[in-house]
Structure formats: C-alpha cells, structure tokens
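Taking it in order: structure first as structure tokens, then the write-up.
The structure displayed is predicted, hence computed values, not measured ones. No hydrogens, no waters, no symmetry mates; every other heavy atom, side chains included, goes into these values. Positions are given from 1, in the same order as the sequence printed here.
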Amino acid sequence: FKSNDDGQSWQKIRLPYAGSMFGLLSLGGEKVLAFGLRGNVLESLDAGASWSKVGRGTGTSLIGGTVTEDGSVVLVGGNGTLVVRKPGASSFSARSIQLKSGQNPAFSAAAPSANGVLLTSDLGAVNTSVQ
C-alpha cells in the first residue's frame with residue numbers, strides 16, 4: 001500500500017513479485033527499495049508507480065536494511081547474509097559473516113555506525129565495514 005497524505009488514505013499497489021516483502025528503504029526523492037523473501041529486491045524510481053528487479057547477489061531472504069552516510073544500501077538476512085550496493089552500482093554484492101564461534105547469525109536489522117554498519121541478530125550485535 002502507498003500513502004501520499006501521511007497515512008490519511010492508502011492506495012493498493014502491485015509489485016512484480018508475488019512473494020512476501022519484509023522491508024522498504026527510502027533512497028531519497030521518489031526512489032524506494034523493497035526487499036524480502038528469497039532475496040528478492042525491487043526498486044521504484046517513481047514512488048511505487050512502477051518497479052524493477054535489482055540484481056541481489058543472494059537467494060537468502062532479506063529481513064532488514066539501511067542506507068549508510070555515503071549512500072550505500074545494506075541489506076541483511078539469515079545465515080550471516082550481508083548484501084551491499086555501492087552508490088552508482090546497479091546490483092548488490094553479497095558476503096556471509098561468520099562469528100569467531102563459527103556460527104552464522106540470522107541478521108534482522110542494520111543501522112549506520114561510525115565504522116560501517118551495526119547489525120543485530122539472534123546471536124547479538126555485530127559491527128562491520130561495508131567496504
């Protein structure tokens with residue numbers, strides 16, 4: 001759903017993917033990024049009027065995300081999944097984060113930090129670089 005009046009009314013929109021989407025990020029202006037099940041990522045350049053699929057780098061469901069100060073888009077999910085799209089790039093690059101214990105955390109959220117991004121998971125918080 002989309003609202004143009006701060007939630008007073010809502011309009012149903014259609015995505016070109018029938019599966020679940022778990023989050024949205026505003027990328028400034030009318031740019032919006034939706035992410036979700038099986039690593040699907042969709043981008044709209046016109047406030048949700050039309051959508052296109054984005055190269056995502058993973059098939060793992062993406063649960064949380066953020067935009068860093070330099071404009072990088074960071075998305076996270078299960079099995080230590082971290083995907084990053086640098087400013088100007090058309091697709092994401094993926095990597096898996098493994099803790100010193102050998103475990104791969106199920107990430108649920110991300111937030112910019114002084115050193116990169118702070119990620120929360122079922123195994124605690126992790127601070128990592130997005131370089």
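Not a single donor-acceptor pair under 3.5 Å links the side chain of T60 to the backbone N or O of G39. In this structure, R38 contributes its side chain and S61 its backbone to no donor-acceptor pair below 3.5 Å. Between the side chain of K31 and the main chain of E43, no donor-acceptor pair closer than 3.5 Å is present.
Residues V73 and L33 meet the side-chain proximity criterion, which asks for heavy atoms closer than 4.5 Å. When side chains are defined from C-beta on, T128 counts as touching I97, because their heavy atoms get closer than 4.5 Å. The shortest side-chain heavy-atom distance between S96 and N104 falls under the 4.5 Å cut-off.
L118 and V84 end up in different hydrophobic clusters when Ile, Leu, Val, Met, Phe, Trp and Tyr side chains are linked at under 4.5 Å. Note on V130 and V67: separate hydrophobic clusters, where clusters join Ile, Leu, Val, Met, Phe, Trp and Tyr whose side-chain heavy atoms are under 4.5 Å apart, directly or indirectly. Hydrophobic clustering of Ile, Leu, Val, Met, Phe, Trp and Tyr side chains at less than 4.5 Å, counting indirect connections, unites V41 with L25. By the criterion of side-chain heavy atoms lying less than 4.5 angstrom apart, applied directly or through intervening Ile, Leu, Val, Met, Phe, Trp or Tyr residues, L75 is grouped together with V54 in one hydrophobic cluster. L45 and L24 are not part of a single hydrophobic cluster, where members link through side-chain heavy atoms under 4.5 Å apart.
Annotation for S9 and S3: closest pair O-OG, 3.0 Å, computed over non-hydrogen atoms. Shown here for V76 and F107, the closest heavy-atom pair between the two residues is CB-CB, 3.5 Å. Heavy-atom minimum distance, D70 versus K86: OD2-NZ, 4.1 Å. Considering every non-hydrogen atom in both A34 and W51, the closest pair reads CB-CZ3, 4.0 Å. When all heavy atoms are compared, the tightest approach of R85 to S90 is CD-C, 4.1 Å. Taking each heavy atom of A110 and L119 in turn, the nearest pair found is CB-CD2, 3.6 Å.
Side-chain atoms of S113 and N115 include no donor-acceptor pair closer than 3.5 Å. A donor and an acceptor atom, one from each side chain of T81 and N79, are nowhere located under 3.5 Å apart. A donor atom on one side chain and an acceptor atom on the other are not found under 3.5 Å apart for R95 and T58.
Put simply, OH on Y17 and CZ on F35 are 13.5 Å apart, with the number rounded to the nearest 0.5 Å. Distance check: S50 OG to L15 CG gives 11.0 Å after rounding to the nearest 0.5 Å. Going from atom NZ of K53 over to atom CG of N40 covers 5.5 Å, rounded to the nearest 0.5 Å. Taken from OG in S121 to CD1 in I63, the straight-line distance is 12.5 Å, to the nearest 0.5 Å. Here CG of L123 is found 5.0 Å from CD of Q103. Values are rounded to the nearest 0.5 Å. The OG atom of S52 sits 7.5 Å away from the CG atom of L42 when rounded to the nearest 0.5 Å.
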Walk me through whether N127 and V117 qualify under side-chain contact (heavy atoms from CB on, under 4.5 Å). CA-CA 6 Å; N127 195 44; V117 291; 5.7 Å; no

Run L27 and V32 through side-chain contact (heavy atoms from CB on, under 4.5 Å) and show every step you take. CA-CA 6 Å; L27 303 180; V32 181; over 6 Å; no

Working note: F22 + L37, criterion side-chain contact (heavy atoms from CB on, under 4.5 Å); need CA distance, chi angles, decisive distance, verdict. CA-CA 7 Å; F22 301 129; L37 193 65; 4.2 Å; yes

